[in-house]
Amino acid sequence: MRHRLVYAVAAALLLLAGALTLGGWGDEAGKLPNWQALVLGVVQGATELLPVSSSGHLILVPWLGDWTFLKENDAFNQTFDVALHLGTMLAVGSYFWPDIVALVRAWLGTLRTRRIATPDERVAWVVLVATIPAGAVGLALEDPIAEHLGEPWQIAILLALFALVLLWADRRPATRVPAELSLKEGFGIGLAQSLALMPGVSRSGITITAGRLLGLDRDAAARLSFLLLVPTVLGAVVLKGVSDVLLGDLPSGWVGPFVVGTVAATGSGLLAIEWLLGYVRRHTYDVFVAYRLLAAAIVALLVLTGVRSGTF
C-alpha cells in the first residue's frame, strides 16, 4: 500500500510539473525556460539520491545540451539551486517522516537524560555529528570549490575514481547496524560527506561508501545516507534562502522555473528513494559503478575528440 502511495504521489507531481511546462506557466522570454527547469528538476531528484552525483549531472546536462543561461546568470543559478535542493529535501523528508520524528524525539530525550541509551538515540547523534564536517567545510570552501572545480573533465575523473572506491567498499561484509556506529565513526562519515562538495563525487555515493566500509549492509547504508541529507540540505537551503532570497532580490523570471524544478525534483526524488531501497535489498551497487564509469568515459571521449570543450 505504501509503495503504491509513493508512486501515485510521485506520478502526480511529475504530471503537474509537465502540465505547467506544457502550459507555459511562468515562462518568460530570455529566461530559463520551464522545459529546461523540468529536465534539471528530474535530474536533481534522481541523481541527488542515487550514488551518481547530482552536482556533476547538473553541470554535465547543460554542457551536453549547450544550455548556457544558468552559467551566464549566476544569481539566477544560485537561487534555482536552492529550489532544486528544496525539492529533494521534501522528497526525503516526506518519505522518512516517521523515522525523522522518532530520531528528533530520541535526540531531545538524550538532552533530558544526558545519556545515549537506545538505538534511535545513537543514530540521532550519529546523524547530527556527521552533519558538522560537511557544513563547516561548505561554509569555509564553497567559493574556492565553485571557482576551481566543476569542469566537465574534472567531473569525469571524480565520477570514475569514486566509482572504483564504491566498488571496493561494496565488497565489504555486512556486520553492523547504524545503532552500533560510534560518534567518532559518525564524524568520519561526515568528513567523507564533505568530499561531495566536489562535483562528481556524489553525496549519497560517498556516504553509502563510508557506511559500507564501516560494515553496514546496503539497505542500511542507503537509509543512513538519506537521513543525512535532511539536516545537510536543510542547512544549505536555509542559509542560501536567507542570503539569496530573503536578503537578496529574486531574479526576474524565477516563478515558473523554480516551481517546475522544485515539483519535478520532489517527484523524481520519491521515485529514486523507492526504487533504490527495493533494488539494493537484492543487488549490489555495481550498476551505479558501471553507470559512473560509462558516463566518465563518454565525457572523456567528447572532450578528447573535440566534440565538446573540457570546460563549461
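In terms of heavy atoms, Pro231 sits closest to Val127 at CG-CG1, 3.9 Å. Closest non-hydrogen pair, Leu277 versus Ala222, comes out as CD2-CB, 4.0 Å. In this structure, Ile206 and Ala196 approach most closely via the heavy-atom pair CG2-CB, 4.2 Å. Leu149 and Met198 make their closest contact through CD1-CG, 3.4 Å (heavy atoms, listed as atom of the first residue, atom of the second, distance). Taking both residues in full, the closest heavy atoms of Gly45 and Ser268 are given as CA-OG, 3.1 Å, listed atom of the first, atom of the second, then distance. Heavy-atom minimum distance, Ala210 versus Ala192: CB-CB, 4.1 Å.
Using modelled atom types, one side-chain atom of Gln154 and one backbone atom of Gly150 make a donor-acceptor pair closer than 3.5 Å. Using a distance-only test at 3.5 Å, with no hydrogens or angles considered, no donor-acceptor pair links the side chain of Thr88 to the main chain of Gly269. The main-chain N or O of Leu301 is found under 3.5 Å from a side-chain atom of Thr305 such that the two form a donor-acceptor pair. The backbone N or O of Gly200 sits less than 3.5 Å from a side-chain atom of Ser53, completing a donor-acceptor pair. A donor-acceptor distance shorter than 3.5 angstrom exists from the side chain of Arg292 to the backbone of Leu159, with no hydrogens or angles considered. Counting only distance, with no hydrogens or angles, the side chain of Gln78 and the backbone of Asp74 share no donor-acceptor pair below 3.5 Å. Arg282 places a side-chain N or O within donor-acceptor distance of the main-chain N or O of Gly278, the cut-off being under 3.5 Å. At least one donor-acceptor pair under 3.5 Å links the side chain of Arg212 to the backbone N or O of Arg172. In this structure a side-chain-to-backbone donor-acceptor pair under 3.5 Å is missing from Arg308 to Leu302. Using modelled atom types, no side-chain atom of Gln36 and backbone atom of Trp67 make a donor-acceptor pair closer than 3.5 Å.
Residues Trp63 and Val299 have side chains in contact (heavy-atom distance under 4.5 Å, counting atoms from C-beta outward). You'll find the side chain of Asn34 stays beyond 4.5 Å of the side chain of Leu22, heavy atoms only. Leu49 places none of its side-chain heavy atoms less than 4.5 Å from the side chain of Leu276. Side-chain contact between Leu239 and Leu139 is present, with at least one heavy-atom pair separated by less than 4.5 Å. Taking 4.5 Å as the limit, every side-chain heavy atom of Thr47 sits out of range of all side-chain heavy atoms of Ser202. Proximity of Asn73 to Pro251: side-chain heavy atoms (C-beta onward) are nowhere separated by under 4.5 Å. Here the side chains of Phe258 and Leu84 are not in contact, with every heavy-atom distance at 4.5 Å or above. Side-chain atoms of Leu158 and Pro199, non-hydrogen and from C-beta on, never get closer than 4.5 Å to each other.
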Could you walk me through whether Val126 and Phe187 satisfy the side-chain contact (heavy atoms from CB on, under 4.5 Å) test, starting with their C-alpha distance in whole Å, then the side-chain angles of each, then the deciding distance to 0.1 Å, before giving a yes or no?
CA-CA 7 Å; Val126 166; Phe187 190 80; over 6 Å; no
side-chain contact (heavy atoms from CB on, under 4.5 Å) between Asp27 and Thr21, intermediate numbers included:
CA-CA 8 Å; Asp27 255 336; Thr21 300; 5.9 Å; no
How far apart are the C-alpha atoms of Val101 and Arg105, what are their side-chain angles, what is the distance that settles it, and do they pass the side-chain contact (heavy atoms from CB on, under 4.5 Å) test?
CA-CA 6 Å; Val101 170; Arg105 286 177 175 171; 3.7 Å; yes
Verdict with supporting geometry, Asp66 and Lys71, salt bridge (charged side-chain N to carboxylate O under 4.0 Å, His left out):
CA-CA 10 Å; Asp66 200 23; Lys71 179 177 181 291; over 6 Å; no
Would Val260 and Trp35 count as a side-chain contact (heavy atoms from CB on, under 4.5 Å) here? Give the steps.
CA-CA 9 Å; Val260 168; Trp35 71 268; over 6 Å; no
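The distance from atom OG1 of Thr207 to atom CG of Leu229, rounded to the nearest 0.5 Å, is 8.5 Å. Distance check: Ser252 OG to Glu28 CD gives 6.0 Å after rounding to the nearest 0.5 Å. Asn77 CG to Leu58 CG: the interatomic distance, rounded to the nearest 0.5 Å, is 9.0 Å. With values rounded to the nearest 0.5 angstrom, Ile59 atom CD1 is found 12.0 Å from Leu64 atom CG. For the atom pair CG (Leu38) and CG (Leu14), the distance works out to 8.0 Å, reported to the nearest 0.5 Å. Atom CG in Leu167 sits 8.0 Å away from atom OG1 in Thr284 (nearest 0.5 Å).
Hydrophobic clustering (side-chain heavy atoms under 4.5 Å, transitive across Ile, Leu, Val, Met, Phe, Trp, Tyr) keeps Phe312 apart from Phe80. Side-chain heavy atoms closer than 4.5 Å link hydrophobic residues (I, L, V, M, F, W, Y) into clusters, and following such links, even through other members, never connects Phe162 to Leu60. Taking hydrophobic clusters as Ile, Leu, Val, Met, Phe, Trp and Tyr residues chained together by side-chain heavy-atom distances below 4.5 Å, Leu294 does not share a cluster with Val43. Side-chain heavy atoms closer than 4.5 Å link hydrophobic residues (I, L, V, M, F, W, Y) into clusters, and following such links, even through other members, never connects Leu15 to Val39. The same ILVMFWY cluster, assembled from side-chain heavy atoms under 4.5 Å apart, contains both Val42 and Val9.
In this view, Arg218 and Asp170 satisfy the salt bridge (Lys or Arg N to Asp or Glu O under 4.0 Å) rule, not counting sequence neighbours. Listed by chain and number, the residues in a ring-ring contact (aromatic ring centres under 6.0 Å, His included) with His57 are Tyr291 (sequence neighbours excluded). In this view, Tyr95 satisfies the ring-ring contact (aromatic ring centres under 6.0 Å, His included) rule with no residue, not counting sequence neighbours. Qualifying side-chain hydrogen bond (donor to acceptor under 3.5 Å, both in side chains) partners for Ser54, counting only residues two or more places apart in sequence or in other chains: Glu48. Shown here are the ring-ring contact (aromatic ring centres under 6.0 Å, His included) partners of Phe226, two or more places apart in sequence or in another chain: Phe96. Considering only residues two or more places apart in sequence or on other chains, Phe69 meets the ring-ring contact (aromatic ring centres under 6.0 Å, His included) condition with Phe76.
Under 4.0 Å is where a charged nitrogen must lie from a carboxylate oxygen, and between Asp217 and Arg223 no such pair does. At a threshold of 4.0 Å, the pair Glu185-Arg176 counts as salt-bridged, since one of the basic side-chain nitrogens sits closer than that to a carboxylate oxygen.
Counted within 6.0 Å of CH2 on Trp168, heavy atoms from surrounding residues, nucleotides or ligands total 12 or fewer; the atom is thus considered open. The number of heavy-atom neighbours closer than 6.0 Å to CZ of Arg115, taken from other residues, nucleotides and ligands shown, is 12 or below.
Side-chain contact, Thr79 with Trp254: no donor N or O sits under 3.5 Å from an acceptor N or O.
Taking the six-membered ring for Trp and thresholds of 30 and 60 degrees, His283 and Tyr279 have nearly parallel ring planes, at less than 30 degrees apart.
Of the residues Leu228, Leu227, Val230, the one that meets the side-chain contact (heavy atoms from CB on, under 4.5 Å) test with Val92 is Val230.
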